[in-house]
Amino acid sequence: MEREHRAHPLEGPDEALWEEVIRQHQEPVFRLLYLMLGDAEEAADTAQETFLRAFRAWDRRDPNRPLRPWLLRIAAHLARNRRRALGRYWRALQRWARLQSPPSGMRDEILETVARQEEAERLWRAIRRLGLIDQETIYLRYFLELSEAEIAQVQNVAIGTVKSRLHRALHRLRAVVEREFPDLIGRPHGEG
Amino acid sequence: MEPRPPSEWEDRVRELARQFPYPPAPDLRSRILRPGVRRPRGRRGAWAAGAFGAFMLALGILLASPARAGLLEFLQIGAVRIQLQPLPTPSKPAATPSPASEAIPETRMPGILDLAGETTLEAAQARVPFPIRLPTYPPDLGRPDHVYLQGMGGPAVILVWRDPMRPDRIRLALFEIGPGALIEKITPQVLTATTVHGRPALWAEGPYLLQTRSGRWELRRLVEGHVLLWTEGEVTYRLETDLGMEEAVRIAESLSAP
């Protein structure tokens, strides 16, 4: 049985607790990083760094708050910094990295997935046209399905700010989708 | 088309998001917790592992349990991250030598001259938030022949000295990388732990991405030799030289006071 996503009362993570923390939270951490960075290898690398930082900062966290938003906050911070900082440099590095290793097949696999997955991926492409905060807010709410209160903890803002961000992000996303992916709007689930 | 109310649009986004085809999440426990079950290392990996242990000891990083020791599969020194082994890919053997240091030739003078951001020492100093320090050893080194200022996610100053005996070659290149700069990955073929002024340093080999005047980032190695990496405060230093490690450390320890 999985434990509650609550911080453990111990002062520092012993090995068993730390393994359990990783086991419980590695998937959402990886998924958020994949959505934000767009590269599975880089997401795995940054997820590893996320847990490393969490380990180091363990005694500084608020033990009364849930663990997952805290971990996602570290992950989002790392991803934002990377994306802001790297720009063309990062893209060049990624191109180089791809040259060094055979394609993983992941992109091909995505392209060959069923229509709904293709739609979801097109939505992702639309989301990636938005600003970083808009993207992050959408990922947390609709992809990781965090509550508004949890998002407030991840982003260290008031719930009202989260509501505003969600409203704005959805509005902007819709504008992008209407302009570039109009078929995503008019086909509710189960039709066509 | 009649606009849909926001709630319907929100539902649509949620519905699509649930279909998103994530790649499989890696089991980080195998990376972080259980070094004993990692892929077999090649000769270089074993070599790097030895250096890793020595370096961790030098760093004084807490290694109280195997779990804690296994937290790192890479070394990070300042802005530079060094992979101890290639990241797992489906068809790339772990022991495959990094093509980086094999395939990237040193950059000769005509190559260095096309690097972006050439400036003067004074102009560079005016634009970076840390003091640019110059080696005072070897005594005949003098001021750098070329100074470049590049943005690697943070300011990075590249100081280049020509080799007076071989005009098409570079004698020494010193990168001074400011806070906020990129964490870069290299997989070195040579990795040795050492110290600069008693603080941990690494002696490694590997190329770097540098920006050329055309705006392209290219993988470059300025000197056919090795790289000494160390940090002081928030600045990461990277010295490229064809000299030996002891001489490189001596150069590093000769940097003028900030």
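Naming convention: chains lettered A, B, ... in sequence-line order (proteins, then strands); numbering from 1 in each chain.
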Using non-hydrogen atoms and a 4.5 Å limit, figure out which bit of [X] sits close to chain B: side chain, backbone, both or neither.
X: Val29(A); result: neither
X: Leu166(A); result: neither
X: Tyr142(A); result: both

- Residue pair Trp230(B) / Leu239(B), side-chain heavy-atom distance below 4.5 Å: yes
- Compare all side-chain heavy atoms of Arg65(A) with those of Arg61(A) and state whether any distance is below 4.5 angstrom. no
- Message: Whether the Gln19(B) and Glu15(B) side chains hold a donor-acceptor pair (N or O, under 3.5 Å, no angle test) is what I'd like checked.
- Response: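 Per modelled atom types, Gln19(B) and Glu15(B) side chains form no pair under 3.5 Å.
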- Hits for salt bridge (charged side-chain N to carboxylate O under 4.0 Å, His left out) against Arg129(A), two or more places apart or cross-chain, chain-then-number order -> Glu180(A)
